[in-house]
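Comments concern the structure below.
Since this is a predicted model, take the numbers as computed values, not measurements.
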Amino acid sequence: MKGMEGVGMGRDLLACLQESAIMFLRRRCLPTLKRYVDDRTPRLARGFMLAGPDYERMQVRSVAEGERFWMDYALERVDWFKKPTVALDSTNPPFHKWFPDGELNLCYNAVDRHVLSGRGSNVAIAYESAVGGDSRNISYDDLQRLVSKFAGSLMENGVGKGDRVIVYMPMVPEAIVAMLACNRIGAIHSVVFGGFAALELSVRIDDATPKAIVTSSCGVERNEPLPYIPLLHEAVQLSTFKPKTIFVHQRPEILAADMSCTSFSSLPQHLDFYESLENAAPVDCVALNANDPLYILYTSGTTGAPKGILRDNTHTVPLQWTMDKFMKVGEKNKTDVYWAASDIGWVVGHSYIAFAPLIQGCTSLLYEGKPVGTPDAGAYWRIVEEHKVKALFTAPTALRAIRKEDPSCKMPKQYDISSLEKIFLAGERCDPDTINFFSAALDRPMIDHWWQTETGWPISGFQDSAVGMKAGSSGRPLPGFDLKVLDPETGDVVEEPNTAGALAIKMPLPPGCMTTLYNNADRYEGSYFTKFGKEYYETGDAGHFDADGYVHVMARTDDVINVAGHRLSTGALEEAVSSHPDVVECAVIGVHDSLKGNVPVGLYVMSTENEREEDEVSKEIIALVRERIGAVAAFKSCAVVPALPKTRSGKILRNVMRNIADNVPYTLPGTIEDPAVVNFAKEALAKLGFAKKL
């Protein structure tokens with residue numbers, strides 16, 4: 001019996017230990033495991049990351065068999081009025097034409113086909129205004145009605161295929177309605193930032209010669225209403241060309257700036273946006289040749305004739321592809337919410353607010369507000385929670401602004417951001433410190449990718465699943481972009497990894513990229529196909545490939561500085577400066593030096609909570625650059641500023657600061673976010689002994 005009791009007691013003890021172990025696992029390990037699984041599950045199918053062999057197969061085919069690659073996909077995923085039988089016409093390089101005999105309509109692919117497939121009640125546009133606008137959701141049914149009727153109004157007022165229409169509006173749904181209505185009838189829209197200076201707007205009016213302009217009564221800048229009517233009235237007076245019709249979208253929700261159209265009394269015709277829309281008959285989408293112009297988007301040049309990037313209707317194809325294969329939003333669940341926190345005046349706003357999410361049939365979130373100040377650094381996270389955003393696309397400068405106000409990243413913890421699976425970054429190079437900080441703080445994949453107004457969609461961004469994210473790199477090229485590093489002097493392909501050169505793309509560019517410059521084919525060839533001939537598109541960026549095939553875009557080619565014979569990338573110098581824990585944002589410029597040719601000078605921003613002395617921090621930064629780059633950098637001058645001068649898209653105006661330091665005349669671009677910030681740079685540079693004539 002004793003033996004049996006011993007066995008029983010042993011079994012009881014074993015069972016007890018097993019039960020205790022199970023309870024321990026349930027209480028302590030399973031929640032952790034569940035969080036791990038929950039965290040990783042959505043990432044298993046993340047499109048931006050591919051296994052090396054899978055990526056190589058895709059990329060090799062897209063380059064070696066590009067015509068077949070894009071034709072197969074275009075026929076499978078895009079709706080055509082007339083399916084193309086020819087993939088590419090390369091008879092007149094560098095003016096290549098994709099799907100030249102195909103007919104389609106972007107608006108049909110973005111709106112009508114979703115209504116016809118029974119998803120009309122789904123939310124197309126989720127509009128969120130943090131500055132007084134009327135936040136609301138617009139279904140695909142409603143969007144079709146608005147777009148088809150405004151297209152009818154345009155036609156009733158003499159706008160037809162090939163006519164230009166300028167859209168001068170803030171971040172309101174009516175701007176997207178106007179853009180899609182133009183495409184519906186084959187008109188060519190040109191979006192100009194709402195609030196753009198009258199002189200800059202007049203130059204674009206004279207270049208585009210629009211038959212109509214669509215505007216709003218006001219926008220909101222720095223939490224104050226900015227009336228658009230006086231600006232537009234002045235622009236029309238300044239311009240040689242006079243548009244026939246002005247459509248004015250009144251914003252009654254911002255009463256302080258609700259203005260009448262009476263200031264347009266000198267113009268032939270001015271109409272209320274909604275009155276004209278409601279009185280018009282709806283029109284169907286027209287069949288457009290794939291190479292018919294879709295839109296003109298002017299780059300932010302400040303002197304001479306503006307550079308109007310012209311894109312055609314093949315843009316539909318890569319936008320659908322990126323949503324399916326790279327961003328992977330809406331490819332399975334059409335209720336997914338995609339948020340590109342940009343402005344419709346930029347190429348990102350065209351591609352990934354107004355077009356791509358709608359082509360995919362999911363929800364595009366349109367945000368009128370800032371990352372900070374409307375009302376605080378928690379604005380992004382509040383919107384993610386309220387709208388269950390799946391993917392966020394923003395600029396590094398927005399994250400740096402948030403970090404400046406919330407250096408400990410406490411704000412995201414106040415909101416439920418569990419819906420957010422990934423964050424895409426573009427618009428400028430993201431310094432490693434910023435991407436590492438937010439990757440750790442948010443525990444979300446950060447996808448830094450690179451593209452340009454000229455390409456209209458990402459050039460690079462893919463990550464190798466065996467390598468993962470590389471902070472400071474914009475990943476591997478996307479299909480169709482045969483990206484090379486060229487020796488800037490000889491034009492030879494640089495095969496050696498980690499060797500800098502000029503980044504260029506072997507022609508032809510894939511579908512959806514610019515086809516030419518509006519009314520200026522000679523400038524198109526001169527701007528992009530002179531240095532390396534018609535075989536390569538010159539991006540104007542400098543960088544290198546590393547041993548894993550990741551591209552590192554380090555600077556614009558004119559931002560590479562020569563210090564005593566040594567070519568140094570300002571991007572590498574900025575990477576070293578931004579690695580200092582007290583720096584949230586920085587810029588390094590090359591200033592003329594009679595002995596060395598150039599010397600680097602840095603300006604940096606610290607967080608609002610930082611109370612350290614500038615001299616102490618500056619000395620540490622100088623030592624850090626010397627440690628990371630070496631004495632060859634000759635980095636001996638830096639100063640703190642409250643903010644850096646930027647464009648609205650977040651691009652730091654390094655050329656302006658360089659001209660200030662060198663006492664060279666400069667012109668502020670019309671896209672500058674806050675002209676007053678330039679004074680901070682002037683004062684800091686003068687304190688360092690530069691800008692002596694100021």
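Partner of T322 under the side-chain hydrogen bond (donor to acceptor under 3.5 Å, both in side chains) criterion, chosen from W451, Y352, W457: Y352.
Looking only at distances, no side-chain donor or acceptor of N436 sits under 3.5 Å from a matching main-chain atom of A471. Listed for the T434 side chain is no donor-acceptor partner under 3.5 Å among the backbone atoms of C430. The main-chain N or O of L310 is found under 3.5 Å from a side-chain atom of T515 such that the two form a donor-acceptor pair. Judged by distance alone, with hydrogens and angles left aside, the side-chain atoms of S90 form no donor-acceptor pair with the main-chain N or O of H96 at under 3.5 Å.
Checked by atom type, the side-chain pair T85/D101 shows a donor-acceptor distance below 3.5 Å. Between the side chains of T299 and T453, no donor N or O sits under 3.5 Å from an acceptor N or O. Under the 3.5 Å distance criterion, with hydrogens and angles disregarded, a donor-acceptor pair is assigned to the side chains of D324 and Y73. Residues N105 and D79 have side chains that never bring a donor and an acceptor to within less than 3.5 angstrom of each other. Between the side chains of Q360 and K334, a donor-acceptor pair is found at a separation under 3.5 Å.
Look at D448 and R429 and you find no salt bridge, because none of the NZ, NE, NH1 or NH2 atoms lies under 4.0 Å from a carboxylate O. Ion pairing between a basic and an acidic side chain is recognised when a charged N comes within 4.0 Å of a carboxylate O; E535 and K484 show no such pairing. The pair R403-D433 meets the salt-bridge criterion, with a side-chain N (NZ, NE, NH1 or NH2) lying under 4.0 Å from an Asp/Glu carboxylate O. In this structure, R68 pairs ionically with D72, as a charged nitrogen and a carboxylate oxygen lie closer than 4.0 Å. The residues K325 and E331 are annotated as not salt-bridged, no charged nitrogen and carboxylate oxygen being separated by less than 4.0 angstrom. Ion pairing between a basic and an acidic side chain is recognised when a charged N comes within 4.0 Å of a carboxylate O; R311 and E454 show no such pairing. Electrostatic pairing of E428 and R556 does not count as a salt bridge here, judged by no charged N lying under 4.0 Å from a carboxylate O.
Legend: residues meeting ring pair (Phe, Tyr, Trp, His ring centres under 6.0 Å) with F545, ordered by chain and number and at least two apart, are absent.
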Inset, instruction - Let me see the working for Y367 and H387 under ring pair (Phe, Tyr, Trp, His ring centres under 6.0 Å), right down to the final yes or no. - result: CA-CA 11 Å; Y367 174 58; H387 292 274; 9.6 Å; no
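Atom NZ of K506 has 12 or fewer heavy atoms from other residues, nucleotides or ligands within 6.0 Å. Summarising the local packing, NZ of K97 is surrounded by 12 or fewer heavy atoms from other residues, nucleotides or ligands at distances under 6.0 Å.
Scanning both residues, L478 and Q59, for their nearest heavy atoms gives O-NE2, 3.1 Å. C409 and L442 make their closest contact through SG-CD2, 4.4 Å (heavy atoms, listed as atom of the first residue, atom of the second, distance).
In this structure, L106 and I359 have side chains that are in contact, with non-hydrogen atoms separated by less than 4.5 Å.
Between H114 and Y140, the ring planes lie perpendicular to each other; the angle is over 60°, past the 30° to 60° tilted range. The aromatic rings of H552 and H544 lie parallel to each other, with less than 30° between the two planes, well short of the 60° mark.
For W70 and F99, the ring centers are positioned 6.0 Å apart or more.
Geometrically, K470 engages Y550 in a cation-pi contact, judged by NZ or CZ lying under 6.0 Å from the ring centre and within 45° of the ring axis.
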